[in-house]
Amino acid sequence: MLVGPNGAGKTSLLEAIYFLATTRSFRTSALADCRRHGEVAFSVAGRVEREGRFDLVAGLNERGVHRELNGKESRLANYLAALPVVS
């Protein structure tokens, strides 16, 4: 359960997990809106342990969306297979 007052960051945490899993936002179609004001890039990192360990990094930089699986650039299909989600 995730609880807290308004503005505490509950939805931001869920969005970060969703973005890490899908490289998409559920709040906006423009990923640039996910950046901190004044920044040009962002990234989210996490580790998944299920039938092995997967280190995931996804973000947005000047060249567009980037994603890494276990420290190496990854094709989208391989990346998405590491952390399947339903929302």
Engineer: Which pairs, with at least one residue in residues 76-87 and sequence neighbours excluded, count as a salt bridge (charged side-chain N to carboxylate O under 4.0 Å, His left out)?
Structural biologist: none
Engineer: Could you give all pairs that pass the side-chain hydrogen bond (donor to acceptor under 3.5 Å, both in side chains) test and reach residues 47-58, with sequence neighbours left out?
Structural biologist: R47-D55
Engineer: To check you understand the geometry: which heavy-atom pair defines the closest contact between T23 and A58, and what is its length?
Structural biologist: CG2-CB, 4.0 Å
Engineer: Side-chain contact, heavy-atom cut-off 4.5 Å: L56 with L69?
Structural biologist: yes
Engineer: Do V44 and L60 share a hydrophobic cluster, counting only Ile, Leu, Val, Met, Phe, Trp and Tyr and linking them when any side-chain heavy atoms are less than 4.5 Å apart?
Structural biologist: yes
Engineer: Tabulate below the donor-acceptor pairs under 3.5 Å that side-chain atoms of residues 9-20 make, not counting sequence neighbours, or state none.
Structural biologist:
{"unit_1": "K10", "atom_1": "NZ", "unit_2": "G4", "atom_2": "O", "d": "2.9"}
{"unit_1": "K10", "atom_1": "NZ", "unit_2": "P5", "atom_2": "O", "d": "2.9"}
{"unit_1": "E15", "atom_1": "OE1", "unit_2": "R27", "atom_2": "NE", "d": "2.8"}
{"unit_1": "E15", "atom_1": "OE1", "unit_2": "R27", "atom_2": "NH2", "d": "2.6"}
{"unit_1": "E15", "atom_1": "OE2", "unit_2": "S25", "atom_2": "OG", "d": "2.4"}

Engineer: Taking L80 as the starting point, is it possible to reach F54 by hopping between hydrophobic residues whose side chains are less than 4.5 Å apart?
Structural biologist: yes
Engineer: Can you pull out every side-chain hydrogen bond (donor to acceptor under 3.5 Å, both in side chains) where at least one residue sits in residues 63-75? Sequence neighbours excluded, please.
Structural biologist: none
Engineer: Is M1 isolated, or which residues cluster with it under the ILVMFWY side-chain rule of less than 4.5 Å, directly or via members?
Structural biologist: V3
Engineer: Tell me the ring-ring contact (aromatic ring centres under 6.0 Å, His included) pairs involving residues 67-87, sequence neighbours left out?
Structural biologist: none
